[in-house]
Protein chains: 2
Amino acid sequence: MSDPHKKPARPEIPRKTVYRLSVYMRCLQRLKSNAIRTVSSEALAKAAGVKPTQLRKDLTYFGQFGTRGLGYDVEELGKMISDLLGTNSLQPVVLVGVGNLGSALLAYRGFEKEGFEIIAAFDALPKQKRDAVKPVYRMDKLKDFVRDRSVRMAILTVPATVAQEVTNELVDAGITGILNFAPFVLQVPEEVVVNNVNLAIELENLSYFIQS
Amino acid sequence: MSDPHKKPARPEIPRKTVYRLSVYMRCLQRLKSNAIRTVSSEALAKAAGVKPTQLRKDLTYFGQFGTRGLGYDVEELGKMISDLLGTNSLQPVVLVGVGNLGSALLAYRGFEKEGFEIIAAFDALPKQKRDAVKPVYRMDKLKDFVRDRSVRMAILTVPATVAQEVTNELVDAGITGILNFAPFVLQVPEEVVVNNVNLAIELENLSYFIQS
DNA sequence: AATTGTGAATTGATTCACAGCT
DNA sequence: AGCTGTGAATCAATTCACAATT
């Protein structure tokens, strides 16, 4: 799961709402590909695994989109949400730390259809893999690369011991959003946003809840 | 991040608290390896990225461990938390869906030092990779394998289109904890716990919060 | 003197209940 | 008649403030 946000962001949409908007968008995409034009809050909420009132409340944070008595226009609502989330344009992302998990994620091409592209990877000791699709550069190339290509987001897959140090370099280079896989709580300035993902913690959490 | 829990679990420890306990444990491990014996709620909370009162409140859910005026015993508190979380014994886990992300996670050996081992993988069309360390079996072997080895947890990395169907098979085989990477809201019976991880949603969320 | 443990207060999120459109 | 939009009510999580303990 992910974690703390310093900056509450533009108008005042709660963080949990923003997560759910992503979920709604995926449901809308599925409906659209099934040629469904219109959906009620009840049906969409069910697909998203939430209550209808929550869906409606979530939408009120950024406008009114429904037609009373009828429901929501699938395409229109999907467009509004993806505009809001800023997922209409392809976002370039760099990955830092090409170890175990890092190279796994580099090989995983599943981000691209969701609007994100890992355009390069960086490592202290880069070893370009034979069949690798992405270039792997040395850390000292990071700053110029990020500046030249106006990259704003980074995936951090370095060992916990160097996570803070590397984060400082990222921030210095101009990165403002970090998806952190290192099991370490990063210190960042106000304007930088960190989302934490820790697979071991997810498993541990499951493990607790299944011991009945 | 992850998502909904049907069963609130044994005494009544909130889900978010259980997550934070995992974080505290990692901080305690680090302190211990630095030969630090005792820690105050203030210091530990800072390392974990939370407020001291929250840490203390979290601990009260399962007992009293501190010494007033002094703090917590690093080793003792670590032991209590890992007992509670059930991370003292190695948990066997199966992975289902050896596609893009699935094989990435199979190659990633980082779970093992955290108490989890992927003991086998399953796929509709298994292709054993040359250098793969783990065996990949056909789906029809799943049920017997899970029963024979008493596996309780599964990592689900199949396409969204078949996620529900495969989940039904998992539940039928006796799996009670699922770490779901498929972008789909799974329906499961009461006693089964699902944690969702969606990397695209994490990136999307970042992308929203960095557009200032 | 320092630091925990915790009831009370506060803040935030979810759900209810129903008014308002179409 | 059906379904959205939303203020009010409820429920949950966090933080405060301070008494209790070493």
Side-chain angles (χ1 to χ4, degrees), chain A residues 1-9 11-21 23-24 27-28 31 36-74 76-78 80-81 205, chain B residues 1-9 11-21 23-24 27-28 31 36-74 76-78 80-81 205:
Chain A
M1 167 150 291
S2 46
D3 250 276
H5 275 305
K6 300 289 166 71
K7 194 184 54 170
E12 204 43 274
I13 305 191
R15 201 162 119 55
K16 291 181 125 187
T17 294
V18 178
Y19 268 107
R20 286 191 298 260
L21 289 173
V23 177
Y24 303 152
C27 295
L28 288 165
L31 290 172
I36 291 165
R37 292 296 187 80
T38 280
V39 67
S40 68
S41 63
E42 184 172 342
L44 182 54
K46 182 156 187 220
V50 302
K51 295 235 160 63
T53 47
Q54 177 149 81
L55 162 57
R56 298 206 299 272
K57 180 70 93 183
D58 283 340
L59 297 183
T60 62
Y61 287 113
F62 65 108
Q64 299 186 186
F65 306 101
T67 310
R68 295 175 195 219
L70 190 63
Y72 301 90
D73 183 287
V74 170
E76 186 196 338
L77 183 58
M80 294 319 264
I81 296 179
N205 189 263
Chain B
M1 170 200 116
S2 48
D3 250 277
H5 275 305
K6 300 287 168 71
K7 191 184 56 170
E12 202 45 271
I13 306 190
R15 199 160 122 54
K16 290 180 127 188
T17 293
V18 177
Y19 268 107
R20 286 190 298 259
L21 290 174
V23 177
Y24 303 152
C27 296
L28 289 165
L31 290 171
I36 291 164
R37 292 296 187 81
T38 280
V39 68
S40 69
S41 63
E42 184 171 343
L44 182 53
K46 181 153 188 226
V50 302
K51 295 235 161 64
T53 47
Q54 178 149 79
L55 163 57
R56 299 207 297 273
K57 181 70 93 182
D58 282 341
L59 297 182
T60 62
Y61 286 114
F62 66 106
Q64 298 186 188
F65 306 101
T67 311
R68 292 173 196 223
L70 190 63
Y72 301 90
D73 182 287
V74 170
E76 185 197 340
L77 183 57
M80 293 318 263
I81 296 179
N205 189 263

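Throughout, a chain's letter reflects where its sequence line sits, starting with A, and its residues are numbered from 1.
Annotation for A:T38 and A:I36: closest pair O-CG2, 3.5 Å, computed over non-hydrogen atoms.
Atom P of nucleotide C:dT3 and atom CG of B:L44 are separated by 14 Å, given to the nearest angstrom. Taking atom CG of residue B:L77 and atom C1' of nucleotide C:dT4, one finds them 12 Å apart after rounding to whole Å. Regarding B:L21, its CG atom lies at a distance of 14 Å from the P atom of D:dA13, rounded to whole Å. Atom-to-atom, OH of B:Y61 to C1' of D:dT14 comes out at 9 Å; the value is rounded to the nearest Å. C:dA13 atom P lies 17 Å from atom NZ of A:K51, rounded to whole Å. Remark: P of D:dT14 and OH of B:Y19 are 14 Å apart, rounded to the nearest angstrom. We find that CG of B:D58 is positioned 13 Å from P of C:dT6, with the value rounded to whole Å. Summarising the geometry, the separation between CZ on A:R15 and C1' on C:dT11 is reported as 17 Å, rounded to the nearest angstrom.
Side-chain contact check for B:Y72 versus B:L59: some heavy-atom pair is nearer than 4.5 Å. Looking only at side-chain heavy atoms (C-beta outward), A:F65 and A:D73 stay at 4.5 Å or farther from each other.
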Can I get a per-line list of side-chain donor-acceptor pairs under 3.5 Å for residues 41-49 of chain B, giving both atom names and the distance, sequence neighbours left out?
unit_1, atom_1, unit_2, atom_2, d
B:S41, OG, B:R56, NH1, 3.1

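OP1 or OP2 of C:dT14 has at least one side-chain nitrogen or oxygen of A:R20 nearer than 4.0 Å. Residue A:K16 places no side-chain N or O under 4.0 Å from the OP1 or OP2 atom of C:dA13.
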>> Please evaluate residues B:F62 and B:L21 with respect to the criterion side-chain contact (heavy atoms from CB on, under 4.5 Å), reporting the C-alpha separation (whole Å), side-chain torsions for both, the decisive distance (0.1 Å), and the verdict.
In response: CA-CA 11 Å; B:F62 66 106; B:L21 290 174; 3.7 Å; yes
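The salt bridge (Lys or Arg N to Asp or Glu O under 4.0 Å) contacts involving residues 58-72 of chain A comprise A:R20-A:D58, where partners must be two or more places apart or lie in separate chains.
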Report each atom pair, protein N/O against N/O of nucleotides 4-7 of chain D, whose distance is under 3.5 angstrom.
unit_1, atom_1, unit_2, atom_2, d
D:dT4, OP1, A:S41, N, 2.5
D:dT4, OP2, A:S41, OG, 2.6
D:dT4, O2, A:R68, NH1, 3.3
D:dG5, OP1, A:F65, N, 3.2
D:dG5, OP1, A:G66, N, 3.0
D:dG5, OP2, A:Y72, OH, 2.8
D:dG5, O4', A:R68, NH2, 2.9
D:dG5, O3', A:Q64, OE1, 3.3
D:dG5, N7, A:R56, NE, 2.7
D:dG5, O6, A:R56, NH2, 2.6
D:dT6, OP1, A:Q64, OE1, 3.1
D:dG7, N7, A:K57, NZ, 3.4
D:dG7, O6, A:K57, NZ, 3.4

